[in-house]
Trainee: 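I have a structure I would like to understand better, so I am pasting it below and will then ask my questions one at a time.
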Amino acid sequence: MVWLRTLLWCALWAAVGLLAGDLFTPAIGWAVPCLAFFAMLVWRNHSLSRVTRWAQDPTTAPPADVGAWDDVVAPLYRYLRMQSRVLQESHDALQNMVAGAQALPDGVVTLNNEFQIDWCNRMAMRHLGLRLPYDRGSKLLNLVRSPDFVAYAQSADWPEPILVRLSNSGQERVMMMQMARYGQNQHLLISRDVTQIEKLETTRRDFVANVSHELRTPLTVLTGFLETLRDMPQDAVPAEQREQYIGMMYEQAQRMQAIVEDLLTLSTLESSPGAGPAVVNMSELLQRARQQAEALSNGRHVFEWHIDEDLDLLGNASELTSAVSNLLTNAVRYTPDGGQIRVYWETDAQGMAHYRVQDTGIGIAARHIPRLTERFYRVDRGRSRAVGGTGLGLAITKHVAMRHDATLGIESEPGKGSTFSLDFPSERVSRDQA
Ligand code: ADP
């Protein structure tokens, strides 16, 4: 096609030259085609230089009207455009995959056959303390040095994940790690932070052990008395002693009942939705708690009551009763005879409501205070049992506080006394206008 076009042009200019030679002089006849060929040469060179310039950056549109070069440039440009579209699609797909891997809640590290880091996602950086691109090419086993993990990584295969304790920025975290092989002997490491699950599992195990232990003690006592009564002939046990045994058995049964009731309260608090916005008449509620506390004290303590009669709360009456009574009965139980118990129910300048129980009791050493709201935590186990405690009262109180957006405050000094307070936000306060 190109050849044919060139031949036609040559023939045309030769014919024009012959005609010019005939009409004018032969010199003119030669000059015309020579000039024409020269012009063609110049134009072709000019086109070639335009094509060469375009070839430096073929992503731009190719030059138009470049004669024979059109046949080269146009298909080349079409091919380049198709390639760049394919490249863009592959790039987008890769970016999508990387974004997906970054969004994974698990850590992912790709490693070569020497366990050198190739790439890792953000979660893996957080879990294992890796930094990219700084750690690219570093050996993973030099960076994650836990002996358990090193032994695991060096084993022949990894059918099961492993739990590894890692210390990251001063915090100990438990990671579940799983290695896998892929591609050309490359390795993939997946890490999952199971610290919270481990903690929950430990709490659950401790809780089951604690409940069993708490119930086993009274049950052992109860069984012991029952066996004695069963095995001894009826007339071998004097009536007075029998009465005493029955009294002790009743006491143990009551203790088990108290534990079970507190456990049920806790489980209800944990499983039911938060406290609703019903208005709770606090002066009535406190009046009932006062009667109970004074009955429990039986005149052994001096009470002082500072109650704002018009101050009510939005919340759940039975939950609040349990929290208010727990703090009050604890003050009675842990304050020796003759001690003072002051109770306050008032608001402050910011409109927050405060329930405060102040006693001059045995007090609590500072190291115990953060743990008092743990289930079954007692400062003095024997003393708590002796006064009929279950070790669950403050755990219940803390739960109730949280469900009412309140905080439980504890201040105490051994030998001097304690102040327990429930501080409710102003949004929970309701003023009795009647
Ligand atoms: P318990 O049923 O044993 O009283 P709580 O959860 O109510 O369980 O309290 C946990 C522990 O906190 C108690 O065993 C006791 O050691 C301590 N405690 C609670 N209230 C007081 C208080 N007012 N004075 C001194 N110690 C207290």
Side-chain angles (χ1 to χ4, degrees), residues 203 206-207 210-211 213-218 251-270 286 289-290 292-294 296-297 300-305 319-345 354-403 406-423:
T203 312
D206 289 353
F207 182 63
N210 277 333
V211 171
H213 179 77
E214 292 292 332
L215 290 175
R216 201 178 51 196
T217 317
E251 209 175 277
Q252 296 304 323
Q254 267 190 324
R255 197 170 136 205
M256 287 198 293
Q257 195 176 3
I259 293 173
V260 171
E261 270 169 15
D262 276 358
L263 283 172
L264 283 175
T265 308
L266 259 182
S267 118
T268 314
L269 285 174
E270 277 173 353
L286 286 162
R290 176 180 181 164
Q292 269 177 18
E294 286 179 346
L296 184 67
S297 160
R300 291 177 293 127
H301 305 96
V302 180
F303 283 91
E304 246 182 57
W305 301 89
E319 290 181 16
L320 288 169
T321 304
S322 134
V324 161
S325 301
N326 270 332
L327 298 189
L328 211 45
T329 47
N330 275 353
V332 175
R333 283 166 171 168
Y334 300 107
T335 302
D337 295 358
Q340 276 193 354
I341 297 170
R342 293 195 186 92
V343 184
Y344 299 86
W345 175 235
H354 303 278
Y355 170 68
R356 245 174 327 129
V357 181
Q358 215 173 56
D359 64 50
T360 55
I362 57 173
I364 307 156
R367 68 178 189 282
H368 295 293
I369 293 181
R371 299 197 59 190
L372 286 185
T373 53
E374 287 175 21
R375 291 158 195 200
F376 297 115
Y377 188 86
R378 287 118 156 177
V379 175
D380 180 343
R381 203 163 270 269
R383 184 167 190 139
S384 160
R385 287 218 182 103
V387 295
T390 60
L392 294 169
L394 289 180
I396 293 174
T397 308
K398 172 135 187 237
H399 251 287
V400 173
M402 274 171 13
R403 285 159 67 88
T407 48
L408 169 66
I410 308 173
E411 281 169 29
S412 192
E413 211 178 311
K416 292 220 165 139
S418 317
T419 303
F420 284 77
S421 56
L422 286 169
D423 306 305

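Only a predicted model underlies this, so the values are computations on that prediction, with no experimental measurement involved. All ligand and atom numbering here is 1-based and tracks the order in the structure.
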Trainee: Return the residue, atom name and 0.1 Å-rounded distance of the protein heavy atom closest to atom 4 (O) of ligand 1.
Mentor: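 For atom 4 (O) of ligand 1, the nearest protein heavy atom is Y334 OH, 2.8 Å.
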Trainee: Is R333 in contact with ligand 1, taking contact as a heavy-atom separation below 4.0 Å?
Mentor: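 It does; at least one heavy atom falls under 4.0 Å.
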Trainee: Considering only heavy atoms, does N326 approach ligand 1 within less than 4.0 Å through its side chain, its backbone, both, or neither?
Mentor: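 For N326, no heavy atom sits under 4.0 Å from ligand 1.
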Trainee: Can you pull out the closest protein heavy atom to atom 19 (C) of ligand 1? Residue, atom name and distance to 0.1 Å, please.
Mentor: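 The closest heavy atom on the protein side is N330 ND2, 3.5 Å.
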Trainee: Just how far is it from atom CG of L408 to atom OG1 of T373, taken to the nearest 0.5 Å?
Mentor: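 Spacing of CG (L408) from OG1 (T373) equals 7.0 Å.
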Trainee: Could you list the donor-acceptor pairs under 3.5 angstrom formed between side-chain atoms of residues 385-401 and any protein atom two or more places apart in sequence or on another chain?
Mentor:
from	atom 1	to	atom 2	distance (Å)
T390	OG1	D262	OD2	2.6
T390	OG1	L392	N	3.2
T397	OG1	N326	ND2	3.4
T397	OG1	G393	O	2.7

Trainee: Quick check: L394 and ligand 1, any N/O pair under 3.5 Å apart?
Mentor: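 Yes, at least one N or O pair falls under 3.5 Å.
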Trainee: Pick one of side chain, backbone, both or neither for how H368 approaches ligand 1, counting any non-hydrogen atom pair under 4.0 Å.
Mentor: neither
Trainee: Which residue, D359, V379, I369, forms the side-chain contact (heavy atoms from CB on, under 4.5 Å) with S412?
Mentor: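 It is I369; the other options fail the test.
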Trainee: Judging by distance only, is a nitrogen or oxygen of I362 under 3.5 angstrom from one on ligand 1?
Mentor: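 I362 vs ligand 1: no N/O contact under 3.5 Å.
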Trainee: Report yes or no: does a heavy atom of S418 sit under 4.0 Å from some atom of ligand 1?
Mentor: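 In this structure, S418 qualifies as a contact of ligand 1 - some heavy atom is under 4.0 Å.
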Trainee: With rounding to the nearest 0.5 Å, note down the distance linking CG in L263 to CG in L215.
Mentor: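 Between L263 CG and L215 CG, I get 7.0 Å after rounding to 0.5 Å.
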Trainee: Are the charged groups of R381 and E214 less than 4.0 angstrom apart, N to O?
Mentor: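 Looking at R381 and E214, the cut-off is met.
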Trainee: Note the single closest protein heavy atom to atom 1 (P) of ligand 1, along with its residue, its atom name and the distance in Å.
Mentor: G391 N, 3.4 Å
Trainee: Look up atom CE in M256 and atom OG1 in T217, then write down how far apart they are to the nearest 0.5 Å.
Mentor: 10.5 Å
Trainee: Using the ring of each side chain (for Trp, its six-membered ring), is F303 parallel, tilted or perpendicular to H301, with breaks at 30° and 60°?
Mentor: perpendicular
Trainee: In terms of atom number and element, which parts of ligand 1 are under 4.0 angstrom from non-hydrogen atoms of S384?
Mentor: 1 (P), 3 (O), 14 (O)
Trainee: Which residue and non-hydrogen atom of the protein lie closest to atom 12 (O) of ligand 1, and at what distance in Å?
Mentor: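 It is L372 CD2, 3.4 Å.
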Trainee: Among Y344, W345, F420, find the one that has a side-chain contact (heavy atoms from CB on, under 4.5 Å) with Y355.
Mentor: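 Looking at Y344, W345, F420, the match for Y355 under the side-chain contact (heavy atoms from CB on, under 4.5 Å) is W345.
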Trainee: Scan the side chains in residues 360-368 for donor-acceptor partners under 3.5 Å anywhere in the protein, sequence neighbours excluded, and list what turns up.
Mentor:
from	atom 1	to	atom 2	distance (Å)
T360	OG1	Q340	N	2.8
T360	OG1	Q340	O	3.4
H368	ND1	Y377	OH	2.7

Trainee: What is the closest protein heavy atom to atom 26 (N) of ligand 1, and at what distance does it sit?
Mentor: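 That would be I364 CG1, 3.4 Å.
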Trainee: Show which atoms of ligand 1 fall inside a sub-4.0 Å distance from at least one heavy-atom site of R378.
Mentor: 3 (O), 14 (O)
Trainee: Would R375 pass as a cation-pi partner of F207, given that its NZ or CZ must be under 6.0 Å from the six-membered ring centre and within 45 degrees of the axis?
Mentor: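 That pair qualifies as a cation-pi contact.
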Trainee: One residue to check: F420. Relative to ligand 1, which of side chain, backbone, both or neither has a non-hydrogen atom less than 4.0 Å away?
Mentor: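 The answer is the side chain.
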Trainee: What residue and heavy atom of the protein are closest to atom 10 (C) of ligand 1, and at what distance?
Mentor: Y377 O, 3.4 Å
Trainee: Below 4.0 Å, non-hydrogen atoms only: which portion of V379 touches ligand 1? Side chain, backbone, both or neither.
Mentor: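 Both backbone and side chain.
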Trainee: What I want to know is whether G393 and ligand 1 share at least one N or O pair that is separated by under 3.5 angstrom.
Mentor: yes
Trainee: Which pair of heavy atoms, one from L269 and one from E319, lies closest together, and at what distance?
Mentor: CD2-CD, 3.5 Å
Trainee: I'd like to check which ligand 1 atoms, numbered from 1 as shown, lie under 4.0 Å from a non-hydrogen atom of D359.
Mentor: 22 (C), 23 (N)
